[in-house]
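Each remark here refers to the structure printed beneath this line.
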Amino acid sequence: MRRGRAFLILASTLACMVPAKAETVTESCAAIGGLARTVMTKRQSGADMSEMISAIETISQKDFIPMAKGIVIAAYDIPRWNGEELKQQSIADFSNDIQVKCYQRAGQ
């Protein structure tokens, strides 16, 4: 029961981070960066990867799911750190790295 509640909270949080037809590249990349921050925060907190992928699969914008899954997979390629400072640095760096990729793709 505990796992189910955590999944619902995660799914609703992730759904709020999906860029909904953003008006600008900046809005879209900021939303994707927010999603990356949320995913890495959950990853650094010890969230189960399969639960993250399952939550991603509930997103209503189906064309966004492959990119969101890619963000989850990339987050789990990064180690889970012990110290709070390292965790926060990892979260910020991951979000910024994802945003850089977003802006680079938008500029092509």
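Not measured: the values here are computed from a predicted model.
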Worksheet item: Is there a side-chain contact between R37 and T41, using heavy atoms and a 4.5 Å cut-off?
Response: yes
Discussion item. Looking at S90 and L86, would you say the former's side chain and the latter's main chain have a donor-acceptor pair under 3.5 Å?
Written reply: no
Discussion item. Are more than 12 heavy atoms, taken from residues, nucleotides or ligands other than K101, located less than 6.0 Å from that residue's NZ atom?
Written reply: no
Item to complete: Indicate the atoms forming the closest heavy-atom contact of E57 with K62, along with that distance.
Response: O-NZ, 3.5 Å
Worksheet item: When rounded to the nearest 0.5 angstrom, what is the spacing between CD1 in I32 and CD in E27?
Response: 12.0 Å
Practice prompt. Could you check if a side-chain atom of S95 sits within less than 4.5 angstrom of a side-chain atom of M40, using non-hydrogen atoms only?
Written response: no
Worksheet item: Can you check whether F64 reaches I56 side chain to side chain, under 4.5 Å on heavy atoms?
Response: no
Worksheet item: Considering only heavy atoms from C-beta outward, does the side chain of M67 approach that of L35 to under 4.5 Å?
Response: no
Item to complete: Report yes if some heavy atom in the side chain of Y76 is under 4.5 Å from a heavy atom in the side chain of M52; otherwise report no.
Response: yes
Worksheet, complete the sentence: Value for OG1 (T38) from CD1 (I91), rounded to nearest 0.5 Å, stands at 9.5 Å
Discussion item. With rounding to the nearest 0.5 angstrom, report the CZ to CG distance, R43 to D77.
Written reply: 9.0 Å
Practice prompt. Start with the C-alpha distance between Q88 and E84, add both sets of side-chain angles, then the distance that settles side-chain hydrogen bond (donor to acceptor under 3.5 Å, both in side chains), and finish with yes or no.
Written response: CA-CA 6 Å; Q88 292 305 315; E84 191 58 34; 2.8 Å; yes
Worksheet item: Mind checking whether I73 and V100 sit in one hydrophobic cluster, side chains of I, L, V, M, F, W, Y counted as touching below 4.5 Å?
Response: no
Fill in: Gap between atom CD1 of I65 and atom CD1 of I53 - 0.5 Å precision
10.5 Å
Fill in: Non-hydrogen atoms of F94 and I71 that approach each other most closely
CZ-O, 3.4 Å
